[in-house]
Amino acid sequence: LVNGTPTYSFRFDPGKSDLAYIVEASRSATGAWSRVLFDSRWTDPPAWNWDGTTLVLPDEAGGPALQPEQFYRLRIQLTEP
């Protein structure tokens with residue numbers, strides 16, 4: 001948590017255009033992954049909080065007051081170059 005807001009961070013290379021990075025959230029680790037926090041195929045670069053190595057994603061819709069239990073996952077898919 002950063003100032004009460006959950007954040008998810010991972011190593012990210014936007015130069016790998018054959019990979020799609022997708023960060024999803026769910027209230028259950030075994031339930032539906034219903035919210036997409038980030039999709040490298042659709043999210044514009046100015047919206048990224050990226051230091052050249054690590055991408056940090058705040059989850060404004062999450063947090064203890066809004067969703068006491070929250071799970072995140074990173075999916076990496078091979079796409080057509």
Classify the ring geometry of F38 against F12: parallel below 30°, tilted from 30° to 60°, perpendicular beyond 60°.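 Ring orientation of F38 relative to F12: perpendicular.
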
Might you point out which heavy atoms bring S9 and T54 nearest each other, and give the distance in Å?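 Distance-wise, the nearest heavy atoms are CB-CG2, 3.8 Å.
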
Quick one: closest heavy-atom pair of F71 and A29, and the distance?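 Nearest pair, atom of F71 first, then A29: CD1-N, 3.5 Å.
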
Option among R11, R41, K16, Q77 that satisfies the side-chain contact (heavy atoms from CB on, under 4.5 Å) test with Y21: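 Result for side-chain contact (heavy atoms from CB on, under 4.5 Å) with Y21: K16.
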
With rounding to the nearest 0.5 angstrom, report the CZ to CG distance, R75 to L19.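 Answer rounded to 0.5 Å: 13.0 Å.
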
Is there a donor in the side chain of S28 and an acceptor in the side chain of T30, or the other way round, less than 3.5 Å apart?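 Per modelled atom types, S28 and T30 side chains form a pair under 3.5 Å.
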
Any link between [X] and [Y] through a network of hydrophobic side chains (Ile, Leu, Val, Met, Phe, Trp, Tyr) touching at under 4.5 Å?
X   : Y   : answer
F10 : L78 : yes
V36 : L55 : no
W50 : L37 : yes

Please check this pair: side chain of S26 against backbone of A32, looking for a donor-acceptor N/O pair closer than 3.5 Å.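 Yes, because the side chain of S26 sits within donor-acceptor range (under 3.5 Å) of the backbone of A32.
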
Please indicate whether D51 has more than 12 foreign heavy atoms, meaning atoms of other residues, nucleotides or ligands, lying under 6.0 Å from its CG.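 Counting neighbours around CG of D51, more than 12 heavy atoms of other residues, nucleotides or ligands fall under 6.0 Å, so yes.
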
So do [Y] and [X] actually touch side chain to side chain, heavy atoms under 4.5 Å?
X   : Y   : result
R35 : E24 : no
L74 : I22 : no
N49 : L57 : no

